[in-house]
Amino acid sequence: MEKKFDEIVNHLITSGFVYPNSEIYGGLSNSWDYGPLGVELKNNIKKAYWKKFVQESPTNVGIDAAILMNPGVWKATGHVATFSDPLIDCKSCHARHRADNLIEEQFPDVDVHGMTQEQMMEFIRDNKVKCPVCGKSDFTDIRQFNMMFRTHIGVTEASESLVYLRPETAQGMFVNFKNVQRSSRKKIPFGICAIGKSFRNEITPGNFIFRVREFEQMECEFFCKPGTDLEWFKYWKDYSLKFLESLGIGEKNLRYRDHEPEELAFYSKGTCDVEYLFPGIGWGEILGVADRTDYDLKRHMDASKQSLEYLDPETNEKYIPYCIEPSMGVDRIFLMVACEAYDVEQLENDSRIVMHFAPKLAPYLATVLPLSKEQREFARELQLDLVKHFSVSYDETASIGKRYRRQDAIGTPFCITVDFDTPNDKSVTIRNRDTMEQIRLPISEVRAYLEKQLEE
RNA sequence: GCACCGAUAGUUCAGUGGUAGAACAUCAGCUUCCCAAGCUGACUAUGCGGGUUCGAUUCCCGUUCGGUGCUCCA
């Protein structure tokens, strides 16, 4: 059955995965909260990332850097200057344009990049640059849209205390390059990973949690010797794609997309996205692997006057490492996993929603259900025993069939039923959501069984 | 940011310038017990703020949120 994006969103909102932010006050645009099920799923995604990129990687280590950083960081990287667009509106038809693009398109010989905002405005006025939509030349002033959120340290709002909410976690890794290298005694090549919130004042957010202003990133800055960057680029590209596949995403719904030279970010020599085919929306970026070269470390060296060079102990060579960055959005992976898992099963007279999460991602790995309330004690005891090791819920209301369906709708892979025989044979029935198979297992073996399912 | 469209229980949908209905869901009781059974009952809604009016959920204005298109996407 064809999946509909709106229905998936609706299911996520009504069943406790995601809520509209500050809803009782009318909400805050493009802000979402994660509910009881959502936070479990999200944590499981992050756990899977950490396992794959840090714990199972012989080269990588992790850090957790602060959201607020010395503003010098963002001046050095070019984010303060470049991370903003000079936008201009046509007074006649209200179309919005980028001032630099307008000039570039109509006067290809002019070097817009060297122009200040005032110079661009002057140029547009003097040369009667036209609005490509209506052809008139009547524009508002240029307004800078800096995408970095600002706040202040201290109680006074003096400009000296201006700080930014980080627009990417990456810089926490770059500025800690030396600390990590020294304290962990890592040799090039090695990587630093982090999971954390980033903030961007997007002009046009939308599509549920796909593009939001506050989001969570999982990034890795992998440092290698200049000249080896291309092969590492390919390595992390493949590694990242395999990671997504390990979350249960079908191969046919994933693809690589190389960035064209003109769409490359200001720091990047080459970028390749991995995209997912969202139902009803189309291909959307899930992660990007970028060759950031030595751009960041070099900028930080220049600005901080600190050496971030690496001394190769074998060759006694000194160099600034190149950096390959696989970067992905937790919220986008969340949405992708939910879309992939969502399924509407047609039955004879009605239908039911089934979320086919991989066991390691499911909000609840299992639930314990007493067949009738007579088995309540046994069932509770088993559940309390299992929650020491897994996320396991309990439900005793309504018929057993209805309870199975509830668990299907939130993607619980295993239902453990305590029945009339359990007190005698000390066994329970485990139902598999995907195969619908039921097996009878002694209570003492349930834990090992679930353990095994998690590994697969 | 601009233009257009929309907003009624948790969900899907009725309806009305004069007491807002249903189904499903949820909860409780009875009953049954391995895939949404049944019966009885309970809970819950006109996004927010103004205006017109004797009276507005309904008409008008603003706003918020969402959707679509444009623009943008480091």
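Just so we're on the same page: letters track the sequence lines, and every chain starts at 1.
With hydrogens and angles ignored, no donor-acceptor pair under 3.5 angstrom links the side chain of A/R431 to the base of B/C34. Judged by distance alone, with hydrogens and angles left aside, A/Y25 brings no side-chain donor or acceptor close enough to the base of B/C48 to form a pair under 3.5 Å.
Only the C1' atoms considered, B/U58 is 13 Å distant from B/U52, to the nearest whole Å. Comparing the C1' positions of B/C65 and B/G15 gives an interatomic distance of 25 Å, to the nearest angstrom. For B/C13 and B/G6, the C1' atoms lie 15 Å apart once the distance is rounded to whole Å. Taking the C1' atom of each, B/G51 and B/A14 are spaced 29 Å apart, rounded to whole Å. B/C70 and B/U8 have their P atoms separated by 27 Å, with the value rounded to a whole Å. Taking atom C1' in both B/U53 and B/C60, one finds a spacing of 12 Å when rounded to whole Å. For B/G18 and B/A22, the C1' atoms lie 22 Å apart once the distance is rounded to whole Å. Comparing the C1' positions of B/C59 and B/G17 gives an interatomic distance of 8 Å, to the nearest angstrom.
Mapped onto RNA chain B by nearest heavy atom, A/E437 and A/G26 fall at different nucleotides, with A/E437 at the one closer to the 5' end. In this structure, A/S29 and A/L371 both approach RNA chain B, and ranking their closest nucleotides by distance from the 5' end singles out A/L371.
One can place CG of A/D33 at 14 Å from P of B/C65, the figure rounded to the nearest angstrom. B/C48 atom C1' lies 14 Å from atom CD of A/E23, rounded to whole Å. In this structure, A/D421 places its CG atom 12 Å from C1' of B/C33, rounding to the nearest Å. Taking atom CE of A/M436 as the reference point, atom C1' of B/C35 lies 6 Å away to the nearest angstrom. Rounded to whole Å, atom C1' of B/C34 lies 15 Å from atom CD1 of A/I439. Between A/N207 atom CG and B/C70 atom P there is a gap of 13 Å when expressed in whole angstrom units. One atom, CD1 of A/I430, and another, P of B/C35, lie 18 Å apart when rounded to the nearest Å. What separates OH of A/Y19 from C1' of B/G10 is a distance of 11 Å, to the nearest Å.
Note: A/Y235 and A/F233 fail the aromatic proximity criterion, with ring centroids not under 6.0 Å apart. In this structure, A/F223 has its ring center no closer than 6.0 Å to that of A/Y322.
Across every strand in view, B/G41 sits in a pair with B/C27 that passes the Watson-Crick or G-U test at under 3.5 angstrom. Base pairing of B/A56 is not made with any nucleotide, judged by Watson-Crick or G-U wobble geometry with both donor-acceptor distances under 3.5 Å. Summarising the base pairing, B/C48 is matched to B/G62 through a Watson-Crick or G-U wobble pair whose two defining distances lie under 3.5 Å. B/C2 is paired with B/G69 under the Watson-Crick or G-U wobble criterion, all donor-acceptor distances under 3.5 Å. Under the Watson-Crick or G-U wobble criterion, with both distances below 3.5 Å, B/A22 is paired with B/U12. Nucleotide B/G17 forms a pair with no other nucleotide shown, judged by Watson-Crick or G-U wobble geometry with both contacts under 3.5 Å.
Heavy atoms of A/S372 sit under 4.0 angstrom from at least one base atom. Within the nucleic acid shown, A/F210 has no heavy atom closer than 4.0 Å to any nucleic acid atom. Using a 4.0 Å heavy-atom cutoff across all strands shown, A/N30 reaches sugar-phosphate atoms only and no base atom. Across all strands, A/N10 comes closer than 4.0 Å only to sugar-phosphate atoms, never to a base (heavy-atom distances). In this structure, A/Q438 reaches the bases: a heavy-atom distance under 4.0 Å links it to at least one base atom across the strands shown.
Between A/R406 and B/U26 there is a side-chain polar atom (N or O) within less than 4.0 angstrom of OP1 or OP2. For B/A37, the OP1/OP2 oxygens have a side-chain nitrogen or oxygen of A/S399 closer than 4.0 Å. Note on A/T397: a side-chain N or O is less than 4.0 Å away from OP1 or OP2 of B/C27. A close approach under 4.0 Å does not occur between any side-chain nitrogen or oxygen of A/K402 and OP1 or OP2 of B/C33.
A ring-ring contact (aromatic ring centres under 6.0 Å, His included) with A/F278 holds for exactly one of A/F210, A/Y342, A/W283; it is A/F210. Checked options A/I416, A/D421, A/L371, A/T417; the residue passing with A/V428 is A/I416 (criterion: side-chain contact (heavy atoms from CB on, under 4.5 Å)).
A/Y364 has its side chain out of reach of A/F414: every pair of non-hydrogen atoms, C-beta onward, lies at least 4.5 Å apart. In this structure, A/Y34 and A/E40 have side chains that are not in contact, with every pair of non-hydrogen atoms separated by 4.5 Å or more.
The existence of a salt bridge linking A/R440 and A/D425 is confirmed by a sub-4.0 Å separation between a basic side-chain nitrogen and an acidic carboxylate oxygen.
A distance of 10.5 Å separates SG of A/C339 from CZ of A/F334, quoted to the nearest 0.5 Å.
Listed candidates were B/G10, B/C34, B/C35. Nearest to the side chain of A/T14 is B/G10.
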